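To keep things clear, I will list the structure first and then write my remarks on it.
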Amino acid sequence: MKRFLAVGMLPVIVGGLLAGATTASAGVPAHYADQKLDWHPCAAEELVTLPPGTDISGLECATFRTPRDWDRADERQDLTIAVSRLKSTGTSTASLLTNPGGPGGPGRWFPVTFRGQEKLREHQDIIGIDVRGTGKSTNVTCRGAADLIRQLDPRDRDPRNLNQILANAEHVARSCQSAGGELGPLITTHQTIRDFDLLRDLLGREKINWVGYSGGTWLGAHYAQRFPQRTGRFVLDSSTEFTTDWQKTFDRQPVGFERRWRQDFLPWMARYDAEYHFGTNGEEVRQTYERVRYALSRNPMDGKGPMELDTAIIYMLYKKATFPALAELLVKVRGAMENPQARAEAKAAVEAAGDHPDAQDATFWNTLCGEGRFTGTRESLIRASQRNLDRGLLLAGGGTLNASVCLFWDKEPRPLPKLDGKGVPPVLIVHSEHDPATAIEGARKAHAGFANSRMLTVTGEGDHGLYADGNPAVDKIVDAYLVDGVVPADQSVPGMPLPVPSVSSR
């Protein structure tokens, strides 16, 4: 992105666009292009996955209609897209669209996480979106079937158990496709980025800026490749390997999660053995966990067994801020194995950490399975999961078998476009060395394959989602890019220290 000057009598320019300018997308029927966004203060019930105690003051909500199928936009079959806005603190000259990831994570509530970004907010409205399929937008469903893939333990290598895991994945695929009906195949990146471009029109912008995390990096990269002339300053934080297919990113997760678990969390918990009494070094902590996990496999908590515990652990590894809560969870589950009276509290903690709304699950699977055939067979997947376990990838390695839903998707996926970044303005990739969900190896490949991209690597760090999350060095570089148009060179900055647990009453 080129630098710019904004001085004296010149109009303020942000992201290379003149304030108030708009360019309507070619071929958009007036039924959609002539809509007005009816902004009003958001009510709590208009926001999905809103963390308890979140301040939503100043957040405005609206909806707009979009074609159900952008390839048949004249048919006037509409979907509803729910959006939000946190207005700039000064004169608004640009719109920053945001996405929390997924694919399928509801994002209407998400702008409030940027409330403290003073420099960013001075002239940019922060926009949140529940993408098609999820949140308060038109929903797609799997009728709750996706929970099946989080129940059976792939470490149990009895052929009957492995076959049942695959049967469950096949059932999820069939259920999602049946429940999704004609809408399911239209929950894709191809359709969603067209929704974004219509929103750009309705916001009155010639270009949009973007901050997308995780699965939001996929959306941002695809938008930039499809609409380079409408691409302002795009930040891809905790990046997928968007230059290839979804399978590559997910195949890297066992390494990413095991690295985060063994190199970051386990030694951290051992450092505070006086608090948690789980082990004095990382391997001792891991062995204690393995004993707890085995006991849980023999005596589940009202149906909550080792897979539910592993799922909770995986989601709590995303942020170091949740390390104390994860340690407390492990202590609670160990206590539940020793004291039946503690089981209810431990079960509730496991359930809370691994909650998955149905619409989010359905958007996730329709997107992944509808955008590229996953390769493999039942037999090759069983062998691959065993290889992961043999390599010591115990936390998520066997789970590749549970997540084999796309193997059984029976509709032809939409071919993905080539993403090489040619003709796209500079985009900024931000990534931590030990990111568990989007392993850095994939982000580096995306950077290498996407022309004119820049990469900011955060060393000694494993958080998934870095900008606007408390690292001043990251925020300084990203703000300079988003606000001032300063395109950084590839570089590294240090991560933030791991947390210190508060003293408990144990």
Side-chain angles (χ1 to χ4, degrees), residues 14 37-64 81-102 104-131 134-137 199 203 208-216 235 237-238 315-316 318-326 328 349 352-353 355-357 359-360 430 463-472 474-476 478-479 482-483 496 499-502:
V14 177
L37 293 170
D38 182 19
W39 296 110
H40 61 273
C42 292
E45 57 269 20
E46 294 181 279
L47 306 169
V48 175
T49 67
L50 184 66
T54 301
D55 178 12
I56 62 171
S57 61
L59 189 66
E60 299 175 313
C61 283
T63 60
F64 66 94
I81 304 297
V83 296
S84 66
R85 177 178 68 178
L86 190 64
K87 294 183 69 173
S88 64
T89 55
T91 303
S92 173
T93 57
S95 294
L96 176 80
L97 274 61
T98 62
N99 183 274
R108 198 184 205 185
W109 70 277
F110 199 53
V112 299
T113 63
F114 297 86
R115 190 184 297 279
Q117 300 301 113
E118 295 180 2
K119 181 173 182 176
L120 174 69
R121 293 191 58 209
E122 187 174 356
H123 296 295
Q124 302 200 42
D125 296 333
I126 313 300
I127 306 298
I129 310 157
D130 286 350
V131 298
T134 196
K136 292 297 183 178
S137 295
L199 176 58
L203 292 169
I208 54 171
N209 295 336
W210 177 265
V211 175
Y213 299 82
S214 192
V235 175
D237 191 317
S238 306
Y315 280 97
M316 297 176 83
Y318 278 50
K319 295 285 190 181
K320 59 182 170 291
T322 55
F323 278 14
L326 174 52
E328 294 280 355
D355 183 47
H356 294 77
Q360 182 172 333
V430 183
D463 274 14
H464 185 72
L466 296 158
Y467 174 60
D469 198 46
N471 186 320
V474 170
D475 286 0
K476 181 178 180 180
V478 176
D479 280 342
L482 285 173
V483 179
M496 299 297 287
V500 176
S502 59

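These numbers come from the heavy atoms of this one structure, side chains and all, not from hydrogens, waters or symmetry mates. What you see is a predicted model, and the numbers here were worked out from it, not measured in a lab.
Taking the side chain as every heavy atom from C-beta outward, S502 and P324 never approach each other to under 4.5 Å. Between T63 and V83, the closest side-chain pair of non-hydrogen atoms is not below 4.5 Å. Proximity of L203 to L97: side-chain heavy atoms (C-beta onward) are separated by under 4.5 Å at one or more points.
The existence of a salt bridge linking R108 and D130 is excluded, since no basic side-chain nitrogen approaches an acidic carboxylate oxygen closer than 4.0 Å. Salt bridge annotation for K136-E46: absent, with no cationic side-chain nitrogen under 4.0 angstrom from a carboxylate oxygen.
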### Task
Mind running side-chain hydrogen bond (donor to acceptor under 3.5 Å, both in side chains) on S92 and D125 for me, showing each step along the way?
CA-CA 6 Å; S92 173; D125 296 333; 2.8 Å; yes

### Message
Applying side-chain hydrogen bond (donor to acceptor under 3.5 Å, both in side chains) to W109 and T54, what does each step give before you reach the verdict?
### Response
CA-CA 9 Å; W109 70 277; T54 301; over 6 Å; no

### Query
Are H464 and S214 close enough, and set up right, to give a side-chain hydrogen bond (donor to acceptor under 3.5 Å, both in side chains), and what steps lead you there?
CA-CA 8 Å; H464 185 72; S214 192; 2.9 Å; yes

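In this structure, L59 and P111 approach most closely via the heavy-atom pair CD1-CB, 3.9 Å. Contact between L120 and V483 at its shortest, heavy atoms only, is CA-CG2, 3.7 Å. Of all the heavy atoms in N99 and G216, the pair that sits closest is OD1-CA, 3.3 Å.
Remark: K319 NZ is packed, more than 12 non-hydrogen atoms of other residues, nucleotides or ligands lying under 6.0 Å away.
The ring of F110 has its center closer than 6.0 angstrom to the ring center of Y213.
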